[in-house]
Amino acid sequence: MKVKSIKHIFISAFILSGCDTMNKINKPLPKLEHGLYNISLNKQIMEVDPYSGGRIKSLKLDGKDFLTDSTVNNFNWGSTFWLSPQSDWSWPPSAEIDNKAYTAKVNKDQLIMISPKDPKTGIVVKKIFSANKKTDSYKLQYILSNLSDRSQKIAPWEVTRVHINGLAFFPFGKGERRGGLIPYTTEKDGISWYQYRAHQVPAKGDRQLYSDGAEGWLAEVNGDMILIKKFQDIPFEKNAPNEGEIEWYASPVVQGKSYVEIEHQGAYEELKPGESVNWQVEWFLRKLPSNIKQEEGNSILVNYVRTIVK
């Protein structure tokens, strides 16, 4: 009996050790280098700056950055997080949430960052970033906590700046699509497309698109790379006032200084004092297969994305 027990313990320990090893293989560990946290995933590297709002500074595949940096715009760069609707704060966004230093630590495979409390709303944002080799994706969690003494309605909002000349697309939902970019978008088979063309960017006024989404994803192709964001689709009724579940923004056309924002928002809901809400997003960065054309209305391109996010 003792021999069998020892064998059982040894085998169990071996299995647990093997599972732990597999978890480490599938979940890359964040590393702090020169003030930035790097999360490597196969041929990808995500760089996160905890001192600038915990924002994603770069997302590289084979050394090529999909995001725009501070040389394009020294305020609007990388990927950040805001509270919606914008009508509650106009401009600029909360410095505590958007660009001030977050406290940061690594817990196993997770990079955890916490913002200062926003003085206007009492909201604190916790960002938890991690990666998984099994899905070849990055998991981004945004936890909003209401540390004020009053209830308030807010929605989470991820804002990602990418290079110009790309093609953005997503499945649209209910309601009317709005904004100054509408004349330059196309719609086919339930998919809304926006191909960036500098001569079509309005010189003045609204340079945005607001829309309800469907299926819980949006995508941007630029060159030979595609970034796909996957998230929980929200009902049309849960869109924040005067906002959209999916939003695009094209900056003014200035040589070497232009960028596009691909944005999406979560549900607009009441958050009581002491309550928190957890909003999750998953990023997939891929080399676009050479046989798939970057063109509006391409159903093969849409099916490629749907295969990845299923």
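Along the sequence shown, residues carry numbers from 1. Computed from a predicted model, the values in this text were never measured in an experiment.
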Lys153 and Glu270: CA distance, side-chain angles, deciding distance, salt bridge (charged side-chain N to carboxylate O under 4.0 Å, His left out) verdict: CA-CA 4 Å; Lys153 294 192 73 173; Glu270 182 178 12; over 6 Å; no

Could you tell me whether a side-chain N or O of Glu187 sits under 3.5 Å from a main-chain N or O of Ile191, the two making a donor and an acceptor? no

When hydrophobic residues are tied together by side-chain contacts of less than 4.5 Å, even through go-betweens, does Tyr194 share a cluster with Val221? no

Looking at Tyr37 and Ala104, what are the two nearest heavy atoms and their distance? CE1-CB, 3.8 Å

Please step through side chain to side chain donor-acceptor pair (under 3.5 Å) for the pair Asn239 and Gln265, ending with a clear verdict. CA-CA 8 Å; Asn239 281 276; Gln265 300 186 11; over 6 Å; no

May I ask you to decide if the ring planes of Trp279 and His264 are parallel, tilted or perpendicular, using 30° and 60° as cut-offs? tilted

Output, in order, the C-alpha distance, side-chain angles, deciding distance and verdict of side-chain contact (heavy atoms from CB on, under 4.5 Å) for Ile123 and Asn146. CA-CA 5 Å; Ile123 298 294; Asn146 182 4; 4.0 Å; yes

Checking Trp283 against Glu158: is there a side-chain donor and acceptor pair closer than 3.5 Å? yes

In terms of heavy-atom contacts, does CD1 of Ile300 have more than 12 from other residues, nucleotides or ligands at under 6.0 Å? no

Going hydrophobic residue to hydrophobic residue with side-chain gaps under 4.5 angstrom, can you get from Met46 over to Leu41? yes

For Gln208 and Tyr210, does a side-chain donor sit closer than 3.5 Å to a side-chain acceptor? yes

Closest non-hydrogen atom pair, Pro183 against Gly179: CD-O, 4.2 Å

Ile262 and Ala168: which non-hydrogen atoms are nearest, and at how many Å? CG2-CB, 4.5 Å

With a 6.0 Å cut-off (strictly less than), is the heavy-atom count around CD of Glu33, excluding the residue itself, greater than 12? yes

To the nearest 0.5 Å, what is the distance between CH2 (Trp157) and CG (Asp98)? 11.0 Å

Taking atom types as modelled, is there a side-chain donor on Ser94 or Asp118 under 3.5 Å from an acceptor on the other? yes

Determine the minimum heavy-atom distance between Glu245 and Ala214, stating which atoms define it. OE1-N, 4.5 Å

Side chains of Thr160 and Lys229: any donor to acceptor distance under 3.5 Å? yes

Distance col, row Ser79:OG vs Lys57:NZ, nearest 0.5 angstrom, shows 13.5 Å

Any idea which heavy atoms bring Ile97 and Tyr102 closest together, and the distance? O-OH, 2.6 Å

Any pair with a residue in residues 297-310 that passes side chain to side chain donor-acceptor pair (under 3.5 Å), sequence neighbours left out, goes on the list, sorted by first then second residue, please. Glu215-Arg306

Between Lys139 and Glu282, does at least one N-O distance fall below 4.0 Å, as a salt bridge requires? no

Among pairs that include at least one residue of residues 231-243, which meet salt bridge (Lys or Arg N to Asp or Glu O under 4.0 Å), considering only residues two or more places apart or in two chains? Lys238-Glu269

For the residue pair Phe81 and Tyr142, does the interplanar ring angle fall in the parallel (under 30°), tilted (30 to 60°) or perpendicular (over 60°) class? parallel

Do the ring centers of Tyr196 and Trp248 come within less than 6.0 Å of each other? no

What is the minimum heavy-atom distance between Ile228 and Ile308, and which atoms define it? CD1-CD1, 3.6 Å

Could you tell me whether Lys120 and Asp88 have a side-chain N and a carboxylate O separated by less than 4.0 Å? no

Running the 4.5 Å side-chain criterion over Ile, Leu, Val, Met, Phe, Trp and Tyr, what cluster does Trp77 land in, apart from itself? none

Any idea how Trp82 and Trp89 line up, ring-wise: parallel (<30°), tilted (30 to 60°), or perpendicular (>60°)? perpendicular

Phe169-Trp217 aromatic ring centre distance below 6.0 Å: yes

